[in-house]
Amino acid sequence: MRTISTTITIGATPEEVWATLSDLPRHCVWNPYIREAYGEPVPGERLILRTYPEAGDPVTLRPRVLTARPAVELRWVRRTLVPGLLDTEHFFHLAEGPGRTTRLEHGERVRGLLAPFLGRLAARNARDFAAMNEALRARVEAVRATP
């Protein structure tokens, strides 16, 4: 198994961060990585996500939501047609921090026979996740500052 993990502190409550993160149709407004997102963050639901990695061509993903606990956690999984070849679980964990802040952990766990061979891709994904985190922070903090 290979894990990619990024973290950021956002100057807003977990509920405020969740409101932006879970509003999938509005990702096109602020998200540089997942610019198109369709579906509902509800366990069992299938999402359609179009990612725009910094290095590479856009990719359409169709993951299934595993967990959607408002202001706490969002997870989805994408499996290959061949079981055990490559399964990717994407996650967002939100935790309340001091002074009405949120600590966001955002990452991916990759399992399967191909996981050990994803070195450079994992590093690129980490950069894309970090860019998404920064954009999420900017969006949530700007919304919070608007009267």
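Just so it is clear, the model here is predicted, and its values are computed rather than measured. Note that the numbering runs from 1 along the sequence shown for the chain.
Using the six-membered ring where Trp is involved, H90 and W76 have ring planes that are parallel, under 30° apart on the 30 and 60° scheme.
The distance from the CG atom of N125 to the CD atom of E108 is 5.5 Å, given to the nearest 0.5 Å. To the nearest 0.5 Å, the span separating CZ on R139 from CE on M132 amounts to 13.0 Å. Distance check: D128 CG to N133 CG gives 11.0 Å after rounding to the nearest 0.5 Å. Distance check, rounded to the nearest 0.5 Å: CD of E15 to OG1 of T102 gives 7.5 Å.
The salt bridge (Lys or Arg N to Asp or Glu O under 4.0 Å) search around E89 returns R75, R109, R111, not counting sequence neighbours. With sequence neighbours excluded, the residues forming a salt bridge (Lys or Arg N to Asp or Glu O under 4.0 Å) with R69 are E73, listed by chain and number. Applying the side-chain hydrogen bond (donor to acceptor under 3.5 Å, both in side chains) rule to Y52 yields the partners E36; only residues at least two apart in sequence or on another chain are considered. Taking the side-chain hydrogen bond (donor to acceptor under 3.5 Å, both in side chains) definition, one finds that S5 meets it with E105, sequence neighbours left out. Every side-chain hydrogen bond (donor to acceptor under 3.5 Å, both in side chains) that W18 has, sequence neighbours left out, goes to S22.
A heavy-atom distance below 4.5 Å is not found between the side chains of P70 and V72. I48 places a side-chain heavy atom less than 4.5 Å from the side chain of T60.
If you chain together hydrophobic residues whose side chains sit under 4.5 Å apart, L136 and L24 fall into the same group. Linking ILVMFWY side-chain heavy atoms closer than 4.5 Å, directly or via other members, places F129 and F91 in two distinct hydrophobic clusters. W30 and I34 fall within the same hydrophobic cluster, defined by Ile, Leu, Val, Met, Phe, Trp and Tyr side-chain heavy atoms under 4.5 Å apart, directly or through other members. Using a 4.5 Å cut-off between side-chain heavy atoms of Ile, Leu, Val, Met, Phe, Trp and Tyr, with links allowed through other members, L47 and V77 fall into different hydrophobic clusters. Cluster membership check: I4 does not share its hydrophobic cluster with L66, using side-chain heavy-atom separations under 4.5 Å among Ile, Leu, Val, Met, Phe, Trp and Tyr.
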* To do: In sequence, state the C-alpha distance, the side-chain angles, and the governing distance for R144 and E16, and then conclude on salt bridge (charged side-chain N to carboxylate O under 4.0 Å, His left out).
  => CA-CA 8 Å; R144 187 176 208 221; E16 291 168 312; 3.1 Å; yes
* Using the side-chain contact (heavy atoms from CB on, under 4.5 Å) rule, take L61 and V59 through it: C-alpha gap first, then chi angles, then the decisive distance, then the call. => CA-CA 6 Å; L61 309 173; V59 177; 3.6 Å; yes
* Verify side chain to side chain donor-acceptor pair (under 3.5 Å) between R100 and T13, making sure each step is shown before the conclusion. => CA-CA 5 Å; R100 295 177 53 89; T13 66; 5.1 Å; no
* To do: Just do the side-chain contact (heavy atoms from CB on, under 4.5 Å) check on E134 and T6 with the steps written out, would you?
  => CA-CA 11 Å; E134 289 293 341; T6 62; over 6 Å; no
* Given side-chain contact (heavy atoms from CB on, under 4.5 Å), test T20 with V140 step by step and report yes or no. => CA-CA 7 Å; T20 298; V140 171; 3.6 Å; yes
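Between H106 and Y33, the ring center distance fails the sub-6.0 Å criterion.
Between D23 and R26, the shortest heavy-atom distance links the atoms OD2-CG, 2.8 Å. In this structure, A71 and L94 approach most closely via the heavy-atom pair O-CB, 3.6 Å. Closest heavy-atom contact between P41 and L74: CB-CD1, 4.0 Å. When every heavy atom of A131 is checked against every heavy atom of P32, the shortest pair comes out as O-CG, 3.9 Å.
A 6.0 Å sphere centred on CZ of R78 holds no more than 12 heavy atoms belonging to other residues, nucleotides or ligands.
Defined by atom type and a distance below 3.5 Å, a donor-acceptor pair is missing between the side-chain atoms of T9 and R103.
Screening residues 38-47 for side-chain hydrogen bond (donor to acceptor under 3.5 Å, both in side chains), with sequence neighbours left out, gives no hits.
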